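Read the structure below first, then the notes.
All values reported here derive from a predicted model rather than from experimental measurement. Hydrogens, waters and symmetry mates play no part in the numbers below; they use all other heavy atoms, side chains included.
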Amino acid sequence: MTADASDEVEIRNALLRLRRGTGLPVAFGGLMEAGQRMRISELSGTATHALRSLVVTSGTGLGGKTVALSRPCVVTDYSASRQISHEYDAPVAVEGLRSVLAVPVVVRHRVRGVLYGALRTALPLGGRMLDTAVEAARDVERALAVRDEARTLAAGAGAGPGWEQVREAHAALRALAPRITDPELRAELLGACALLTAGTGPSARVRLTPREVDVLACVAAGATNAVAAERLGVTPETVKGYLRSAMRKLRARTRGEAVVAARRAGWLP
């Protein structure tokens with residue numbers, strides 16, 4: 001997927017969260033470009049512009065190593081480290097960085113960007129700092145995955161995708177929505193979900209809760225209770241409870257009848 005300005009905003013916000021959560025004074029990062037290159041576009045807490053627009057190639061330096069291995073990497077003293085190559089020592093030295101961590105942003109098994117956090121002293125970066133940086137990267141991953149789905153749906157709107165594909169996309173988007181902390185992005189995602197349903201909106205005669213719709217969307221896509229629970233981050237018993245409630249409201253005796261009734265009522269595509 002091609003990055004846009006909204007993707008860079010996600011990187012920028014993640015860097016702020018990384019600094020707040022770790023206490024690291026400096027953070028920077030960017031998104032992948034063509035040819036396995038990553039461009040550092042966002043800086044937070046830096047004293048110079050030495051790192052801005054720096055292009056990092058896969059396998060080179062700390063960030064390039066992170067891209068190549070698709071896992072977090074840390075060095076305690078950047079310029080003296082034997083664990084990385086040193087193509088970028090000059091801009092790192094201008095900024096005065098010593099201890100640096102780098103965490104990949106991975107969406108569908110592909111590295112989409114890198115977040116860095118750094119100290120200007122050579123001190124070990126502990127496990128808590130790395131965990132916090134990884135969680136910041138996970139937030140970006142979830143946001144990018146949502147936008148990828150929305151772009152795919154928009155691009156394929158005129159291509160006549162099969163209903164099964166539409167239903168699977170609807171279920172995936174519904175499952176992602178509760179994990180999005182940004183209210184505007186969550187509303188944007190749910191709006192995309194609404195475009196996949198009947199178009200006139202759900203029937204006022206049948207009122208389902210968001211979680212009941214989430215469960216029915218998973219069921220419509222062929223998911224078992226266990227798979228639906230995993231996707232939605234709840235227990236299988238909770239899924240059963242939502243499903244029973246939805247079936248009662250829809251006056252359905254089976255899962256299949258509930259899905260059909262929900263489609264007729266405009267809750268599902």
Side-chain angles (χ1 to χ4, degrees), residues 3-106 111-144 181-182:
D4 60 22
S6 61
D7 294 343
E8 292 181 350
V9 169
E10 291 299 335
I11 295 288
R12 189 179 312 147
N13 292 338
L15 296 177
L16 293 174
R17 291 193 295 273
L18 188 156
R19 288 182 64 200
R20 284 197 301 265
T22 64
L24 293 173
V26 179
F28 50 99
L31 296 163
M32 298 299 295
E33 298 182 336
Q36 286 297 293
R37 302 180 307 171
M38 188 273 299
R39 182 181 298 274
I40 295 175
S41 61
E42 304 299 325
L43 309 177
S44 181
T46 53
T48 73
H49 295 291
L51 297 170
R52 186 175 295 282
S53 297
L54 182 67
V55 175
V56 177
T57 304
S58 177
T60 61
L62 182 66
K65 181 178 179 180
T66 294
V67 171
L69 298 179
S70 191
R71 64 172 174 80
C73 297
V74 181
V75 293
T76 300
D77 191 343
Y78 191 98
S79 62
S81 176
R82 296 182 179 180
Q83 301 172 358
I84 60 172
S85 60
H86 291 276
E87 290 85 351
Y88 314 108
D89 281 8
V92 171
V94 169
E95 186 57 41
L97 303 181
R98 300 288 296 281
S99 296
V100 187
L101 61 80
V103 179
V105 174
V106 184
V111 176
R112 296 282 294 277
V114 178
L115 305 182
Y116 298 82
L119 286 171
R120 293 189 171 91
T121 53
L123 295 173
L125 300 180
R128 184 188 65 81
M129 288 185 179
L130 190 58
D131 289 344
T132 301
V134 167
E135 187 53 39
R138 296 297 88 83
D139 289 343
V140 179
E141 290 168 2
R142 287 189 283 267
L144 294 186
T181 56
D182 184 331

Do you know which two heavy atoms are closest between Arg120 and Gly45, and how far apart they sit?
NH2-O, 3.6 Å
Donor-acceptor contact present, side-chain Ser85 to main-chain Glu87, <3.5 Å
no
According to the side-chain hydrogen bond (donor to acceptor under 3.5 Å, both in side chains) rule, which pairs have a member within residues 22-39, sequence neighbours left out?
Glu33-Arg39
May I ask you to test the Val74-Leu130 pair for a side-chain heavy-atom distance under 4.5 Å?
yes
Side-chain ion pair, Glu141 and Arg138, N-O less than 4.0 Å
yes
Please determine whether side-chain contact (heavy atoms from CB on, under 4.5 Å) holds for the pair Leu51 and Leu97, giving the CA-CA distance in whole Å, both sets of side-chain angles, and the decisive distance to 0.1 Å.
CA-CA 11 Å; Leu51 297 170; Leu97 303 181; 4.0 Å; yes
Would a distance-only check, ignoring hydrogens and angles, find a side-chain to backbone donor-acceptor pair under 3.5 Å from His49 to Leu43?
no
Is there a side-chain contact between Arg17 and Glu135 (heavy atoms, below 4.5 Å)?
no
Quick one: side chains of residues 58-69, donor-acceptor pairs under 3.5 Å with protein atoms, not counting sequence neighbours, listed by atom name and distance.
unit_1 : atom_1 : unit_2 : atom_2 : d
Thr60  : OG1    : Thr57  : N      : 3.4
Thr60  : OG1    : Thr57  : O      : 2.6
Thr60  : OG1    : Tyr88  : OH     : 2.6
Lys65  : NZ     : Gln83  : O      : 3.1
Thr66  : OG1    : Leu62  : O      : 3.2

Say whether Thr46 and Glu95, considering side chains only, have a donor N or O and an acceptor N or O under 3.5 Å apart.
no
Heavy-atom nearest pair, Ser99 first then Leu123, reads OG-O, 2.7 Å
Should Leu24 and Leu125 count as side-chain neighbours, where that means a heavy-atom distance under 4.5 Å?
yes
Do Arg128 side-chain atoms and Gly21 backbone N/O form a donor-acceptor pair below 3.5 Å?
yes
